[in-house]
There are 2 protein chains.
Amino acid sequence: MKLAEAKAQFINSWGVFGTYWGINRTMAQIHALLMVSADPLSQDEVMEELKISRGNVNMNIRELIDWGLVERVLIPGERKEYFTAEKDIWKVATQIIKERKKRELDPMMKLMGQLEDVEGDKKDKDVKQFTETINGIKRFGQQADKMLDVMVKADENWFISSLMRFFK
Amino acid sequence: MKLAEAKAQFINSWGVFGTYWGINRTMAQIHALLMVSADPLSQDEVMEELKISRGNVNMNIRELIDWGLVERVLIPGERKEYFTAEKDIWKVATQIIKERKKRELDPMMKLMGQLEDVEGDKKDKDVKQFTETINGIKRFGQQADKMLDVMVKADENWFISSLMRFFK
DNA sequence: TTGAATTTTCAAAACTTTTTGAAAATATAT
DNA sequence: ATATATTTTCAAAAAGTTTTGAAAATTCAA
């Protein structure tokens, strides 16, 4: 397969996978494009490659920067801004885990804390089932939280070598 | 907080969290409702509780069954079908991991296999960057795959006690 | 300063997904 | 068989999300 074709297919599929992960299609495509580009690209180059509008590129790049997946790069002598993506997939994953933990797991745990004790008859089966469900989610979340923290703090080599040995 | 209020808040929030996870709002709400209900519910009861149409309940329950999170229950002497959700949050998580692995990780790994070798000059920086990115994703995916497999096969106690001791 | 290049914003349009509800299909009791 | 209850389907409507593109804001050099 030729590079151009493979690249197009990768960008497209990364876009589809992105939608499964709560990331919008275009944002994922821009991310994919920047990951496979050896050099930083300008907004115009991204527009050109993906055939999308300036506003779209601008907003999605800003969100990628917000997620910590893309960086602004200044090229000496150039007026335009250029952008580049983190290439180390381990760092990409770590960054995504960190952000999603902050955006999703933390608020959920907060809510479980609030819903933990409901008034009323502890023997009522509905009160009981509710409390058990909330508690189960809370305990599970705390374990997940700990595990993700360690994963995020660990560096790739430590993680892969020791965890994978453990999980042989 | 009263049970009814806590329940409503839980169902609503579970719906919002669901959308972060590629699950639609209503499907997540029905799941939440069934998780906190001590007894199985009929389609009519779900319609009534969540104020949604029959078709909507029907389609989303079917999808929940498809995901292995909800089961049909037959109540002797009743004409209607009733539905109940898996209550053990560990089993819920395991089931979701299993399904998402099948729906998302497996196809991605298949694609990486196809894009692995592109024609052309191995020294060209763009060819090089592309190949390295694809390979990085492939290796990462293989590790994730192994890890998820072990998690899914392990039972809760084994997992929490030994993995969490490891991750202390 | 001024003016050209570049980036950002955001209302309206395009597109996508979800929901409704009534009709069709299926199941069950008599 | 017939009637009635129940479930399923699916086209159209509603709701939600993303994209466009032109205007406003910002940046930078002269």
Side-chain angles (χ1 to χ4, degrees), chain A residues 11-34 40-67 69-84 103-104, chain B residues 11-34 40-67 69-84 103-104:
Chain A
I11 289 170
N12 256 287
S13 308
W14 202 252
V16 175
F17 290 128
T19 62
Y20 292 143
W21 285 90
I23 284 159
N24 98 40
R25 199 190 155 66
T26 306
M27 184 172 150
Q29 288 182 338
I30 294 175
H31 185 225
L33 172 61
L34 292 176
L41 302 181
S42 66
Q43 290 199 2
D44 290 275
E45 287 166 319
V46 175
M47 282 170 70
E48 172 56 27
E49 282 258 17
L50 304 181
K51 305 278 181 255
I52 57 180
S53 74
R54 183 174 301 285
N56 201 359
V57 171
N58 190 280
M59 288 180 121
N60 281 298
I61 285 189
R62 223 148 16 83
E63 186 139 25
L64 283 164
I65 291 175
D66 219 59
W67 273 81
L69 297 173
V70 163
E71 283 197 335
R72 244 173 258 273
V73 174
L74 291 170
I75 295 188
E78 285 274 13
R79 182 96 173 252
K80 279 185 184 153
E81 292 179 327
Y82 283 75
F83 301 91
T84 190
R103 294 167 193 220
E104 297 161 31
Chain B
I11 289 170
N12 255 287
S13 307
W14 202 253
V16 175
F17 290 128
T19 62
Y20 293 143
W21 285 88
I23 284 160
N24 98 40
R25 199 190 154 66
T26 305
M27 184 172 151
Q29 288 183 338
I30 296 175
H31 185 227
L33 173 61
L34 292 176
L41 302 180
S42 67
Q43 290 200 0
D44 289 276
E45 288 167 317
V46 175
M47 283 169 69
E48 172 56 26
E49 282 258 18
L50 304 180
K51 306 279 183 253
I52 56 179
S53 73
R54 183 174 301 286
N56 201 359
V57 171
N58 189 280
M59 287 181 121
N60 281 298
I61 285 190
R62 224 148 15 82
E63 187 139 26
L64 283 164
I65 291 174
D66 219 60
W67 273 80
L69 297 172
V70 163
E71 282 196 338
R72 244 172 258 271
V73 174
L74 291 170
I75 295 187
E78 284 274 14
R79 183 98 170 249
K80 278 183 182 153
E81 291 179 328
Y82 283 75
F83 300 92
T84 192
R103 294 168 193 221
E104 297 160 31

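Lettering of chains follows the sequences in order, A, B, ..., and the numbering in each one begins at 1. Note that the coordinates shown come from a computational prediction; the quantities given were computed from them, not determined experimentally.
- Distance check, rounded to the nearest 0.5 Å: CD of A:E48 to OG of A:S42 gives 10.0 Å.
- To the nearest 0.5 angstrom, A:L69 atom CG is 7.0 Å from A:I23 atom CD1.
- Neither OP1 nor OP2 of D:dG16 sits under 4.0 Å from any side-chain N or O of B:N24.
- Remark: C1' of D:dA14 and CD1 of B:I52 are 15 Å apart, rounded to the nearest angstrom.
- Looking at residues 53-65 of chain B, you'll see B:R54, B:G55, B:N58, B:M59, B:R62 sit with a heavy atom under 4.0 Å from some atom of DNA chain D.
- To the nearest angstrom, P of D:dT19 lies 8 Å from CZ of A:R25.
- With rounding to the nearest 0.5 angstrom, the CD atom of A:E81 is 12.5 Å from the CD atom of A:E71.
- With 3.5 Å as the limit, one finds no donor-acceptor pair spanning the side chains of A:T26 and A:Q29.
- Considering A:N56, A:N58, A:V57 in turn, A:N56 is the only one that fulfils the side-chain contact (heavy atoms from CB on, under 4.5 Å) rule with A:N60.
- The local environment of OH in B:Y82 is crowded, with over 12 non-hydrogen atoms from other residues, nucleotides or ligands closer than 6.0 Å.
- One finds the CE atom of B:M59 at 13.0 Å from the CD1 atom of B:I61 (value rounded to the nearest 0.5 Å).
- Atom CG of A:D66 is separated from atom CE of A:M27 by 8.5 Å, given to the nearest 0.5 angstrom.
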Measure all distances between protein nitrogen or oxygen atoms and nitrogen or oxygen atoms of nucleotides 27-30 of chain D, and list the pairs falling under 3.5 Å.
residue: D:dT27; atom: O2; partner: A:R79; partner atom: NH2; Å: 3.1
residue: D:dC28; atom: O2; partner: A:R79; partner atom: NH2; Å: 3.4

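- A pairwise comparison of heavy atoms in A:F83 and A:L34 identifies O-CD2, 3.6 Å as the closest pair.
- Nucleotides of DNA chain C that come within less than 4.0 Å of any heavy atom of chain B span, from the 5' end to the 3' end, C:dT18 to C:dT28.
- In this structure, CD1 in A:I11 is found 10.5 Å from CD1 in A:I30, a value given to the nearest 0.5 Å.
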